Amino acid sequence: QLENFYVYYKENRFKDVFWIKKKRFWMDLPHILGFQIEAPLFDDPFSNYYKAKHLKLNKPVWLRILNNPKKSQIKEFQKQAENQSQVNHPFVLSVLDMGQHEKLYYQTFQAVSGESIYQRFKRTQTVFDEKEALEILLKLAELFEYTERKKLVHRALSPRNIFLDEEGIKVHEFGFLLDPTVWFFQPNSTTSPIYISPEQANGVPPEQITVQSDIYSSGIILFHMLAGRPPFDGSKLEIMGAHLKKDIPYPKDLNPELS
């Protein structure tokens with residue numbers, strides 16, 4: 001496994017690697033029947049993602065494994081996969097399957113060759129090229145045309161769940177908030193409010209949130225790509241208040257090279 005890690009790192013050279021802080025995370029790769037798990041990719045508050053190979057299909061996939069599963073988490077984990085599988089668009093990360101092996105609950109996704117916007121920031125430590133940032137925004141707008149027709153809303157867009165690949169973009173985590181009974185943006189939530197819309201910050205019920213919320217979030221992400229940081233910082237409550245009461249700063253004030 002250690003040899004595989006060095007080969008994988010040499011080929012990919014991800015800067016967002018937790019080799020020092022999370023050595024055990026790299027060493028203790030899980031085992032799931034039917035998959036060859038090759039290396040970790042990233043994690044979220046609820047699960048870990050791995051680069052893997054589907055042995056029967058001889059196909060690279062992403063494998064998401066739920067951490068410390070509880071009954072309520074398992075139900076929500078499965079619901080997320082069902083929800084995202086309903087979003088059939090080339091700019092959305094495709095769900096391939098979900099299942100259980102012994103005590104491990106997992107989902108499989110199509111493998112993405114690129115990195116997330118967040119990982120790009122971590123790797124380059126610089127702003128996006130203006131043309132590239134606008135192209136990403138246009139692809140998001142194309143996706144929003146589809147989701148509006150289908151009455152689907154993401155509600156949690158961020159640089160962490162927008163991946164860049166040969167096709168342009170792959171948006172992930174649609175399943176998190178398609179279910180209107182799920183609501184993450186509370187002061188004690190593990191989810192950051194940096195990219196949420198004013199109506200979300202104002203506590204509008206999730207079933208009343210529309211695609212306009214995703215459009216606002218994509219604008220905040222565009223600001224981050226061009227200016228090098230989000231428009232607001234501070235505590236969760238301070239950021240939520242800023243979305244409600246403050247004007248968005250002019251990005252050229254932070255990046256004079258913008259046109």
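We use all heavy atoms of the structure for the numbers below, so side chains are in, but hydrogens, waters and symmetry mates are not. Please read all numbers here as calculations on a predicted model, not as lab measurements.
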Check: [X] ring centre within less than 6.0 Å of [Y] ring centre:
X: Phe35; Y: Tyr106; result: yes
X: Phe144; Y: His154; result: no
X: Phe163; Y: Phe42; result: yes

Checklist entry - Mind checking whether Tyr195 and His224 have parallel, tilted or perpendicular rings, split at 30° and 60°? => result parallel
Item to check | Worked verdict on Arg160 versus Ser116 for side chain to side chain donor-acceptor pair (under 3.5 Å) | outcome: CA-CA 6 Å; Arg160 291 178 180 268; Ser116 68; over 6 Å; no
Which atom pairs, one a donor and one an acceptor, fall under 3.5 Å between side chains of residues 93-101 and the rest of the protein, sequence neighbours left out?
unit_1 : atom_1 : unit_2 : atom_2 : d
Ser94  : OG     : Gln110 : OE1    : 3.0
Gln100 : NE2    : Glu102 : O      : 2.8
Gln100 : NE2    : Tyr105 : OH     : 3.4

Checklist entry - Can Arg64 be said to sit on top of Tyr50's aromatic six-ring, NZ or CZ under 6.0 Å from centre and within 45° of the ring axis? => result no
Next on the checklist: Test your reading of the model: is there a side-chain donor-acceptor pair from Gln200 to the backbone of Ser197, 3.5 Å cut-off?
Outcome noted: yes
Checklist entry - Do the charged groups of Lys245 and Glu238 touch, with an N to O distance under 4.0 Å? => result no
Checklist entry - Do the charged groups of Glu115 and Arg123 touch, with an N to O distance under 4.0 Å? => result yes
Checklist entry - Could you give the distance from CG (Leu104) to CD1 (Ile65), rounded to the nearest 0.5 Å? => result 5.5 Å
Checklist outcome for this item: Rounding to 0.5 Å, atoms CG (Asn202) and CD (Glu199) come to a distance of 9.0 Å
